[in-house]
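Have a look at the structure below, then the notes.
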2 protein chains.
Amino acid sequence: MENTAENVRAQMRKGVLEYCILSILNKREAYASSIIEELKAVGMIVVEGTLYPLLIRQKNQGLLSYRWEESTQGPPRKYYVISDKGREQLAQMDDAWKELVETIDTLKRV
Amino acid sequence: MENTAENVRAQMRKGVLEYCILSILNKREAYASSIIEELKAVGMIVVEGTLYPLLIRQKNQGLLSYRWEESTQGPPRKYYVISDKGREQLAQMDDAWKELVETIDTLKRV
DNA sequence: TTTAATACCTTGTATCGCAAAGTACCAAAA
DNA sequence: TTTTGGTACTTTGCGATACAAGGTATTAAA
């Protein structure tokens, strides 16, 4: 049972990923590989085996829909689009996130 | 599969609990029930079935030690104390937490 | 037609938090 | 003395999440 710096980060990310996905899709449509790229760019490594099931879950919950689009460089891409319900969920998550940040801040101070 | 506001909060807390415990114990020694009280006070409900195994895990990792202390009102209490290794881990977690907060912030903006 | 790149998907595993139930100690009331 | 209620610690079974690893399919270039 190791506890590297990487493990610590992975641990902290738990449960926040869903929030990140909705946040990304709230800005623009995207397909899985591009989402992974964006997350990697901000230092949040996510692997395919994590992302695909997550997208399917959110789609099944009605938070997302998707459409196929041809690519000039490879197989067709599944572009995900956030739904009204997804935006409601995102608003809730924004609140929950703010609360969490404040909670940690309070805990450290008092 | 419901998605109430409470579920959203519970989701977000995942993985952050360990950080909270070390943060609390870095301020002062505490026993499980008092830790639950403190977390409840800042709006972070945690139940016994979650906290006790977590404390045992952290103790087994050498992040904490404990000592028994008599109570005037009930059975003896197991006071947990953070160790040097625990403080190192906490420092790593502080960094990881800051990074995560910045990451989310970046994701929302760009 | 083979190879490389891109993209999507599935399976098995470990871990985490929760719900629920159980054990034990102590003091005050019956 | 026995019972009751409060406090505290512990365990078991479950559902959900992320990861590792491997698989399938499409396209274009060699």
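Lettering of chains follows the sequences in order, A, B, ..., and the numbering in each one begins at 1.
- Following rounding to the nearest Å, B:Leu17 (CG) and D:dT17 (P) show an atom-to-atom distance of 16 Å.
- Heavy-atom distances to DNA chain D give each of A:Gly49 and A:Pro75 a nearest nucleotide, and the one nearer the 5′ end belongs to A:Gly49.
- Look at B:Arg67 and B:Glu29 and you find a salt bridge, because one of the NZ, NE, NH1 or NH2 atoms lies within 4.0 Å of a carboxylate O, short of that distance.
- At whole-Å resolution of the value, CD in B:Glu69 and C1' in D:dC9 are 16 Å apart.
- Remark: B:Glu38 does not engage B:Lys40 in a salt bridge, criterion side-chain N to carboxylate O under 4.0 Å.
- B:Tyr80 has its OH atom 11 Å from the C1' atom of D:dA8, to the nearest Å.
- Salt bridge A:Asp105/A:Arg109: present, at least one basic N to carboxylate O contact under 4.0 Å.
- Contacts between residues 32-48 of chain A and DNA chain C, defined by a heavy-atom separation under 4.0 Å, are made by A:Ala32, A:Ser33, A:Glu48.
- When rounded to the nearest whole Å, the span between CD1 of A:Ile21 and P of D:dT17 equals 13 Å.
- The distance between atom CG of B:Asn60 and atom P of C:dC16, rounded to the nearest whole Å, is 12 Å.
- Summarising the geometry, the separation between CD on A:Glu70 and C1' on C:dA7 is reported as 13 Å, rounded to the nearest angstrom.
- Each of D:dT11, C:dC8, D:dC9 was ranked by its minimum atom distance to the side chain of A:Lys78; first place goes to C:dC8.
- Shown here are the side chain to side chain donor-acceptor pair (under 3.5 Å) partners of A:Glu48, two or more places apart in sequence or in another chain: there are none.
- The side chain of A:Arg57 contributes no N or O atom lying less than 4.0 Å from OP1 or OP2 of C:dC9.
- Only one option out of A:Leu54, A:Asn60, A:Ile56 pairs with A:Gln58 in a side chain to side chain contact (heavy atoms under 4.5 Å, CB included); it is A:Leu54.
- Side chain of B:Ser23 to backbone of A:Leu107: no donor-acceptor contact under 3.5 angstrom is found.
- Residue order along DNA chain D, read from the 5' end via each residue's closest nucleotide, puts B:Thr50 first among B:Thr50 and A:Leu54.
- Under 4.0 angstrom from either OP1 or OP2 of D:dT10 there lies no side-chain N or O belonging to B:Tyr52.
- Taking A:Thr103 as the reference, nothing meets the side chain to side chain donor-acceptor pair (under 3.5 Å) condition, with sequence neighbours excluded.
- Taking atom OH on B:Tyr79 and atom C1' on D:dA8, their separation rounds to 11 Å, with Å as the unit.
- Following rounding to the nearest Å, B:Tyr66 (OH) and D:dC9 (P) show an atom-to-atom distance of 11 Å.
- Between C:dC16, D:dT26, D:dT10, one nucleotide has an atom nearer to the side chain of A:Pro76 than all others, and that is D:dT26.
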